[in-house]
Colleague: 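Below is one structure. I have some questions about it.
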Amino acid sequence: MTPANLAATVLSAARAVFETRGLDTSLLPGTTTMERPRNPEHGDYASTLALQLGKKTGVAPRELAAALAEELGRQPGIKSVEIAGPGFLNIRLDAAAAGVLARDIVLAGADYGQSATLRDERINLEFVSANPTGPVHIGGVRWAAVGDALSRLLRTAGATVGTEYYFNDAGSQIDRFAKSLYASAKGEPAPEDGYGGAYIAEIAAAVLAEAPDVLNEPEDAAIETFRRVGVDLMFAEIKQSLTEFGVHFDTYFNEKDLHNRGELQEALDRLREQGHIFEADGATWLRTTEFGDDKDRVLRKSDGDWTYFAADCAYYLDKRKRGFDRIVIMLGADHHGYIGRMKAMSACFGDDPAKNLEILIGQLVNLVRDGEPVRMSKRAGTVVTLEDFVDALGVDATRYALARYSSDSPINLDIAVWTKAGNDNPVYYVQYVAARTANVARNAADVGLTRGEPAGFHPELLSHEKENDLLKALGEYPAVVARAAELREPHHVARYLEEVAGAYHRFYDKCRVLPLGDEPITDLQRARLWLNDATRTVIANGLALLGVSAPERM
RNA sequence: GCGCUCGUAGCUCAGCGGAUAGAGCAACGGACUUCUAAUCCGUCGGUCGCAGGUUCGAAUCCUGCCGGGCGCGCCA
């Protein structure tokens with residue numbers, strides 16, 4: 001019996017109680033969640049349904065709980081139901097009903113955890129989107145890890161997802177980049193507002209290698225060559241770093257294309273039709289204050305140039321035209337000032353900003369060595385890059401560390417902690433379970449212990465306290481995935497995996513799987529092997545969501 | 001000044017309006033002739049920033065205050 005099954009059973013019991021008592025069944029919720037109490041005296045699972053319904057129906061919660069308990073007690077697989085406190089239902093399962101889960105998980109394999117929670121949603125997920133004027137830096141790294149994990153999470157919850165990197169290849173940042181390359185190639189210092197990292201010299205040299213005569217061209221043409229070739233090189237390098245980090249985007253979207261296809265004008269026309277455009281001081285404005293922004297925003301400047309915000313509008317419209325109904329954009333904390341204008345812009349298009357546009361804000365990340373933030377970079381001189389991160393921690397630890405915390409909280413990642421081989425390093429703690437379960441399975445095969453046919457599995461033998469705890473933890477996986485997807489918070493998966501890891505280590509410590517010496521193989525050992533393999537399935541599936549490997553041995 | 005956001009154990013952080021607020025680390029004390037001790041067990045540790053409010057019930061929701069971070073261009 002999975003928690004989802006149990007929840008359904010509790011709901012149908014509630015329906016039966018309502019019908020018997022002539023209560024309005026429309027007050028029943030569509031779903032209910034089962035809690036896993038910390039205190040073992042509170043049973044295997046607890047439900048607060050009677051408390052919630054007591055409020056709605058006006059019937060005393062304890063009275064409802066008593067009726068529910070009686071109804072539930074008759075259901076197969078349920079050992080006992082107790083009423084506690086103001087109306088909690090504390091439910092205990094038969095060992096057999098709980099144990100079957102081990103087999104269900106193994107048979108489901110990589111599909112365990114998949115759901116239809118977000119089935120009807122078409123989600124566009126944009127993250128990183130670093131300008132191709134330098135390597136991906138520390139903020140982008142956080143989003144690379146979290147955004148990629150989120151995309152996997154959303155797909156597992158049944159959504160149709162398109163991941164997207166907005167390649168900002170128009171605009172003045174690129175001009176500065178091109179001029180910086182040109183200056184570097186001529187051996188001159190970087191311009192006042194240019195880029196000065198060591199990577200500039202590398203890219204400039206690479207441009208020279210591809211276009212040896214570039215410095216003989218007139219300055220404008222030369223800068224144009226540096227822009228074109230330099231941006232291509234920089235972008236190839238960014239893509240390469242991301243690929244090595246295990247992050248792939250379905251779409252790399254060029255800002256230039258928006259301009260070339262006239263989509264900025266199209267967006268402006270659309271907004272004008274909606275009646276939110278006005279002209280003032282020679283510029284063209286969007287009246288975003290109508291929808292809560294703190295000031296109106298210019299789309300086209302008095303000199304005729306488009307603003308960056310105009311491109312944002314066109315890009316949003318483009319995504320919507322491609323059939324995405326939820327536009328999710330992940331930004332650094334320094335961009336949170338955009339939320340107001342973006343939400344307002346969505347409303348100006350006639351959309352519902354609460355539903356069609358989600359902007360997720362990620363707080364800062366510091367890489368810490370010996371208690372001091374790491375500021376040095378071999379390449380850029382000032383910022384920490386994706387490559388610096390991977391050099392310091394490795395891909396698995398970097399991805400896990402960044403996906404482990406709520407994006408709302410600023411984090412300090414201590415290099416010493418995340419490279420240590422021990423249980424104070426969360427990624428090792430979890431990965432070690434993957435290795436341990438694989439090792440147990442290998443050793444079992446060596447002595448002739450196999451799971452055997454599913455029909456020969458004896459779930460009732462998994463009655464040890466630690467087996468029960470582990471089963472309960474494994475049963476929560478689908479709900480954790482669904483909730484993490486809905487909340488857009490992959491860190492719940494990591495925290496959950498740490499719980500499963502703890503439960504497995506305690507099981508391993510107390511419940512031996514393999515026979516000792518020449519002992520004959522028993523059904524209990526076979527049942528435990530099912531549980532061992534079910535644990536490996538959950539750990540592997542969960543780590544895969546985070547883009548972290550589940551090693552066979554360590 | 002206005003806006004957003006955060007404030008939970010010595011540290012790093014979890015915590016869905018529910019039961020006695022948790023984990024890891026640190027500190028201290030235990031467990032390896034047995035499937036990998038990269039593990040497990042125990043002890044210590046809290047005015048959930050402060051003050052009100054809503055609620056049967058608040059770390060969680062609302063208001064105010066205090067403190068930290070960030071943002072407030074016809075920049076990108």
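So you know, we letter chains A, B, ... as the sequences are listed, proteins then strands, and number each from 1. Hydrogens, waters and symmetry mates play no part in the numbers below; they use all other heavy atoms, side chains included.
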Colleague: Expressed as a whole number of Å, how far does the P atom of B:C6 sit from that of B:C16?
Modeller: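 My reading of the P atoms in B:C6 and B:C16 gives 13 Å.
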
Colleague: Heavy atoms under 4.0 Å is the rule here; annotate nucleotides 7-23 of chain B 5' to 3' with B where the base is hit, S where only the sugar-phosphate is, and - elsewhere.
Modeller: -----SSSSB-BBB-S-

Colleague: Checking base pairs now: Watson-Crick or wobble, both atom distances under 3.5 Å. What partners B:C2?
Modeller: B:G71

Colleague: Classify the nucleic acid contact of A:H336 as base, sugar-phosphate or nothing, counting any heavy atom under 4.0 Å across all strands shown.
Modeller: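 Base, at least one base atom sits under 4.0 Å.
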
Colleague: Do A:D523 and A:R526 sit within salt-bridge range, that is, some charged N less than 4.0 Å from a carboxylate O?
Modeller: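 The answer is yes: the pair qualifies as a salt bridge.
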
Colleague: Mark yes or no for whether A:T307, through its side chain, and A:V298, through its backbone, hold a donor-acceptor pair below 3.5 Å.
Modeller: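 Flag set: sc A:T307 to bb A:V298 pair under 3.5 Å.
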
Colleague: Name the nucleic acid region contacted by A:R436, choosing base, sugar-phosphate or nothing; use a 4.0 angstrom heavy-atom cut-off, strictly under.
Modeller: sugar-phosphate

Colleague: With a 3.5 angstrom cut-off on both distances, give the Watson-Crick or G-U wobble partner of B:U47, or none if there isn't one.
Modeller: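 Here B:U47 is not engaged in any pair, so there is no nucleotide opposite it.
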
Colleague: Could you walk me through whether A:Y252 and A:Y165 satisfy the ring pair (Phe, Tyr, Trp, His ring centres under 6.0 Å) test, starting with their C-alpha distance in whole Å, then the side-chain angles of each, then the deciding distance to 0.1 Å, before giving a yes or no?
Modeller: CA-CA 5 Å; A:Y252 289 90; A:Y165 186 122; 5.7 Å; yes

Colleague: Considering just the side-chain nitrogens and oxygens of A:Y508, establish if one lies under 4.0 Å of OP1 or OP2 belonging to B:A37.
Modeller: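 A:Y508 to B:A37 OP1/OP2: side-chain N or O found under 4.0 Å.
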
Colleague: Heavy atoms only, 4.0 Å cut-off, all strands: where does A:S172 land among base, sugar-phosphate and nothing?
Modeller: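 Result for A:S172 = sugar-phosphate.
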
Colleague: Taking the C1' atom of each, how far is B:G53 from B:G30, in whole Å?
Modeller: 49 Å

Colleague: Looking at every strand, decide which applies to A:Y429 at a 4.0 Å heavy-atom threshold: base, sugar-phosphate, or nothing.
Modeller: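 Sugar-phosphate contact only - A:Y429 comes under 4.0 Å of backbone atoms but never of a base.
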
Colleague: Take atom P in B:C4 and the same atom in B:C65, then report the distance between them in whole Å.
Modeller: 13 Å

Colleague: B:U8 and B:G22: how far apart are their C1' atoms, nearest whole angstrom?
Modeller: 10 Å

Colleague: Using modelled atom types only, decide if a donor and an acceptor are shared between the side chain of A:N366 and the backbone of A:V368 within a distance under 3.5 Å.
Modeller: no

Colleague: For B:C32, does the O4'-C1'-N9-C4 (purine) or O4'-C1'-N1-C2 (pyrimidine) torsion place it in syn, i.e. within 90° of 0, or in anti?
Modeller: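 Chi for B:C32 falls in the syn range.
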
Colleague: Quick check: closest heavy atoms across A:A283 and A:S302, and the distance to 0.1 Å?
Modeller: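 Result for this residue pair: CB-N, 3.9 Å.
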
Colleague: Among residues 277-286 of chain A, which contact RNA chain B at a heavy-atom distance under 4.0 Å?
Modeller: A:A280, A:D281, A:A283, A:W285

Colleague: When you look at A:F291 and A:H276, which way does the ring pair (Phe, Tyr, Trp, His ring centres under 6.0 Å) test go after all the steps?
Modeller: CA-CA 10 Å; A:F291 296 102; A:H276 304 297; 5.4 Å; yes

Colleague: Between A:K420 and A:Q363, which residue's closest nucleotide on RNA chain B lies nearer the 5′ terminus?
Modeller: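 By nearest-heavy-atom nucleotide position, the 5'-most residue is A:Q363.
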
Colleague: Who is the Watson-Crick or G-U wobble partner of B:C25, with both distances under 3.5 Å?
Modeller: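 B:C25 is paired, partner B:G10.
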
Colleague: I'd like to know if the side chain of A:S407 reaches the main chain of A:G362, judged simply by a donor and an acceptor atom lying under 3.5 Å from each other, with no hydrogens or angles considered.
Modeller: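 Such a contact is absent between A:S407 side chain and A:G362 backbone.
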
Colleague: So, for A:L546 and A:A403, which heavy atoms are closest and what is the spacing to 0.1 Å?
Modeller: CD2-CB, 4.1 Å

Colleague: Between A:F457 and A:R451, is there a cation-pi geometry (under 6.0 Å to ring centre, at most 45° from the normal)?
Modeller: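 Ring-cation test returns no.
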
Colleague: Out of B:C40, B:C70, B:C35, which has the shortest distance to the side chain of A:D334?
Modeller: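 In terms of side-chain proximity for A:D334, the closest of B:C40, B:C70, B:C35 is B:C70.
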
